[in-house]
Amino acid sequence: MEAPVDFIRAKILDDTASNRYGGRVCTRFPPEPNGYLHLGHAKSICLNFGVAKEFAGQCNLRFDDTNPTKEEIEYVDAIREDVRWLGGDWQDREYYASDYFERLYAYAEQLIQMGRAYVDDLSADEIREYRGTLTSPGRESPYRNRGVEENLDMFRRMRAGEFPDGARVLRAKIDMAAPNLVMRDPTLYRIRHAAHHRTGDMWCIYPLYDYTHCLSDSLEGVTHSLCTLEFANNRELYDWVLATLGVYRPQQIEFARLNVTYTVLSKRKLIQLVESGYVSGWDDPRMPTLCGLRRRGVPPQALREFCRRVGLARVNSTVEYAMLEFCIREYLNEHALRFMVVLDPVKVVIENYPGNLVEELDMPLHPKNPARASRKVPFSRELYIERDDFRLEPPKKFHRLVVGAEVRLRYAYLVTCREAVTDASGAVRELRCVYDPQSRGGVSPDGRKVKGTIHWVCAGRAVPAVARLYEQLFVSETPEDVPESKTFLNNLNPGSVRAVQALLEPALSDMAVEGECVQFERLGYFCKDRDSTHALPVFNRTVTLRDTWAKLEKKGE
RNA sequence: UGGGAUGUAGCCAAGGGGUAAGGCAACGGGUUUUGAUUCCGUCAUCCGAAGGUUCAAAUCCUUCCAUCCCAGCCA
């Protein structure tokens, strides 16, 4: 599959052709370890690692850990795992902005020496007030023109811990009348007496994003610093810092962040769902987090394909969830092993089949891929089929089992139903059938057409599966205090994943490893959950069969 | 009322003076031992709007309209 040439790849192509950066390509994926990675990050991961690979370059994993009050080691571990799972390979280049604190500090002193940075005693509120508004220029701080020596002294005392949180900040001296608010003397350092997950109590001043990110990129020799659109305003400052310091200058390129319908991709909202207990955790299968998707059985290949298909542009856009589902189905259809399962059984007795015989029939594990092994399934006089696969009064175009009609038991035999035994209430108890011994394997011996093919299990030998069918998989409670949660909880699965939750524990543990999906034919794809107590279904359209039946029957009536 | 960015189908998205790629969705049909898959077909007289330049404009120019981002000591 040829990589589409989006505007970013075009730019890199250009830069390598003109030998800018010596033809080198280096990107980075720079998450802040303050939450779990989600679908939105997948786009960035695929982009950064993908581009690096395509151009024989490198992609670093860098934790943007400059805000100790929000970051935790739990998150860095989870992020590392998720990136690796998605296929990102940073080799030994695992970096932390906090590793650069000492050098960043030295650069700050250099800015002070150059007269391009100053310590400001104004409070946060005053700074905001002095900044001006979108349409009116700001005012200069009374501390703006402190001498170099005083600034240096103040800054060192900030580092030494002489001042409480918020007492002073280090600011760049740029232009309080700049039309771009980012350039109105941005804050570079703030005082934060807080323990950092890596540097502990070594520091009580921490650099801010705008100051840290560009220098980290520079220090690492990044060539193309890819970030989302909302940072476009910050690019001017990114360039200013590096130019003023006269250091190596990567270039920042922005692209539109990913939005997906029926879900939320905002760390703030996701964390709210977790903390308020509306979901069981970050890896709740309803979550759009990478770990949630993984637990749900979404293969990383599908996510990569999704990111590829979504494309890259500079327009804010919202991709339909259906696109994601398509990518998942596409991969699963190709790779998932097939099994038969009966959720709501009704007994079938093959009257002309010997009562003491059990045959071992071949069932391929994948119909389109004969290279896959097949397995033996037992077949005997008494079987179970899905209750729904038989109708006393069939709608039009129903071509499964009906009294007097012939259907194929998949990979087994052609059978004809002679009689439906019902109980006093009219419910079907048992189906009396006869089979055609010539049709072993399900082939029609004389070429006669048999439209219906249904699934079955051997009554005596089947793995007993406790199964339940739910119209809706998940409880749709609507948290009032979580914005957009209605959409979130109602649609994460639903409208979309209207599915089946089956307690298929024994069957599934027999067939799948955790995280792997198998297809229960005509039911959809199921994934064995980590505790193996239930199977996690299914991706909407994988249940298309159900949709299709419903549609056809509706039409028929 | 400042600055930055963006407008191509229901949703993504190519195309940057020569007469609108592709995918998802939708719809119609063929094949099929999963009513799945697969295959084939249909789906923008038109590119935010209005003017202008040109033999020729989605592409160039002008004006207008709409949407998003920026006033954290978050990233």
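Source: prediction; values computed, not measured. Within every chain, numbering begins at 1; the chains are lettered A, B, ... in the order of the sequence lines, protein sequences first and strands thereafter.
Contact annotation: A:Thr66 side-chain N/O to B:A75 OP1/OP2 distance is under 4.0 Å. Under 4.0 angstrom from either OP1 or OP2 of B:G72 there lies at least one side-chain N or O belonging to A:Arg131. The shortest distance between the side-chain N/O atoms of A:Ser136 and the OP1/OP2 oxygens of B:G2 is not below 4.0 Å. One finds a side-chain N or O of A:Arg329 lying less than 4.0 angstrom from the OP1 or OP2 phosphate oxygen of B:A25. Between B:C74 and A:Arg190, a contact under 4.0 Å exists linking OP1 or OP2 to a side-chain N or O. Between A:Arg168 and the phosphate of B:C73, there is no side-chain N or O to OP1/OP2 separation shorter than 4.0 Å. Remark: A:Arg9 is not in phosphate contact with B:A14, judged by side-chain N or O atoms under 4.0 Å from OP1 or OP2. Note on A:Arg314: every side-chain N or O is 4.0 Å or more away from OP1 and OP2 of B:A13. The phosphate of B:C74 (OP1 or OP2) has a side-chain N or O of A:Arg192 nearer than 4.0 angstrom.
If you check every strand for non-hydrogen atoms under 4.0 Å, A:Phe326 touches sugar and phosphate atoms only. Residue A:Val169 is classed as a base contact, given a heavy-atom separation below 4.0 Å to a base. Residue contacts for A:Val450: at a heavy-atom cut-off of 4.0 Å it reaches no nucleic acid atom on any strand shown. Among the heavy atoms of the strands lying under 4.0 Å from A:Ala124 is at least one base atom, whether or not backbone atoms are also near. Residue A:Leu208 is classed as a sugar-phosphate contact, given heavy-atom separations below 4.0 Å to backbone atoms only. Counting any heavy atom pair closer than 4.0 Å across all strands shown, A:Leu229 reaches no nucleic acid atom.
If you look at A:Phe63 and A:Tyr95, their ring centroids are not closer than 6.0 Å.
Regarding A:Leu237, its CG atom lies at a distance of 14 Å from the C1' atom of B:G4, rounded to whole Å. The separation between A:Phe7 atom CZ and B:A14 atom P is 9 Å, rounded to whole Å. In this structure, A:His213 places its NE2 atom 17 Å from P of B:C74, rounding to the nearest Å. Per the geometry, CG belonging to A:Leu188 stands 15 Å off C1' belonging to B:C74, to the nearest Å. Atom-to-atom, CZ of A:Arg128 to C1' of B:C73 comes out at 10 Å; the value is rounded to the nearest Å. Between the CG atom of A:Asn316 and the P atom of B:A13 there is a distance of 10 Å, given to the nearest Å. Here the C1' atom of nucleotide B:U38 and the CD atom of A:Glu330 are 13 Å apart, to the nearest Å. Rounding to whole angstrom units, CD of residue A:Glu32 and P of B:C74 are separated by 10 Å.
Minimum atom distance to the side chain of A:Leu181 is reached by B:G2, of the listed B:C24, B:G35, B:G2. When each of B:A75, B:C73, B:C12 is scored by its nearest atom to the side-chain atoms of A:Asp64, the top-ranked nucleotide is B:A75. Taking the side chain of A:Arg522 as heavy atoms from C-beta on, and the options B:C12, B:G35, B:U6, the nearest nucleotide is B:G35. The side chain of A:Asn67 sits closest to B:C74 out of B:A25, B:G2, B:C74. Between B:C74, B:A71, B:C24, one nucleotide has an atom nearer to the side chain of A:Met323 than all others, and that is B:C24. Listed candidates were B:G4, B:C74, B:G2. Nearest to the side chain of A:Thr135 is B:G2. Among the nucleotides B:C24, B:U38, B:A75, the one closest to any side-chain atom of A:Arg309 is B:C24.
Across all strands shown, nothing is found opposite B:U31 as a Watson-Crick or G-U wobble partner with both distances under 3.5 Å. Base pairing of B:G2: its partner is B:C70, meeting the Watson-Crick or G-U wobble criterion (both donor-acceptor distances under 3.5 Å). The base-pairing partner of B:U42, taking Watson-Crick or G-U wobble contacts with both distances under 3.5 Å, is B:A26. The nucleotide B:C64 finds its pairing partner in B:G48, both defining distances of the Watson-Crick or G-U wobble pair being shorter than 3.5 Å.
Of the listed residues (A:Arg144, A:Lys173, A:Arg131), just one forms a side chain to side chain donor-acceptor pair (under 3.5 Å) with A:Asp185, and that residue is A:Arg144. Screening A:Phe101, A:Tyr105, A:Tyr189, A:Tyr211 for a ring pair (Phe, Tyr, Trp, His ring centres under 6.0 Å) involving A:Tyr206 leaves a single residue, A:Phe101.
For a distance-only test at 3.5 Å, the side chain of A:Glu320 qualifies as a donor-acceptor partner of the base of B:G10. For A:Arg400 and B:G35, a side-chain-to-base donor-acceptor distance below 3.5 Å is present, hydrogens and geometry of angles not being considered. Taking 3.5 Å as the limit, the base of B:G3 and the side chain of A:Asn233 contain a donor-acceptor pair of atoms between them.
Separation of the C1' atoms belonging to B:C39 and B:C46 is 30 Å when rounded to the nearest angstrom.
Under 4.0 Å is where a charged nitrogen must lie from a carboxylate oxygen, and between A:Arg192 and A:Asp165 no such pair does. One finds a salt bridge joining A:Glu230 and A:Arg257 here, because a Lys/Arg side-chain nitrogen approaches an Asp/Glu carboxylate oxygen to under 4.0 Å.
Relative to the six-membered ring of A:Tyr130, A:Arg139 meets both conditions, a distance below 6.0 Å and an angle of at most 45° to the axis.
Using a 3.5 Å distance cut-off with no hydrogens or angles, the side chains of A:Tyr238 and A:Gln252 do not pair a donor with an acceptor.
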Identify each donor-acceptor pair in which a side-chain atom of residues 449-458 of chain A lies under 3.5 Å from a protein atom, sequence neighbours left out, and give them as a table.
unit_1   : atom_1 : unit_2   : atom_2 : d
A:Thr453 : OG1    : A:Arg408 : NH1    : 3.0
A:His455 : ND1    : A:Arg522 : NH1    : 3.4
A:Trp456 : NE1    : A:Arg410 : O      : 2.8

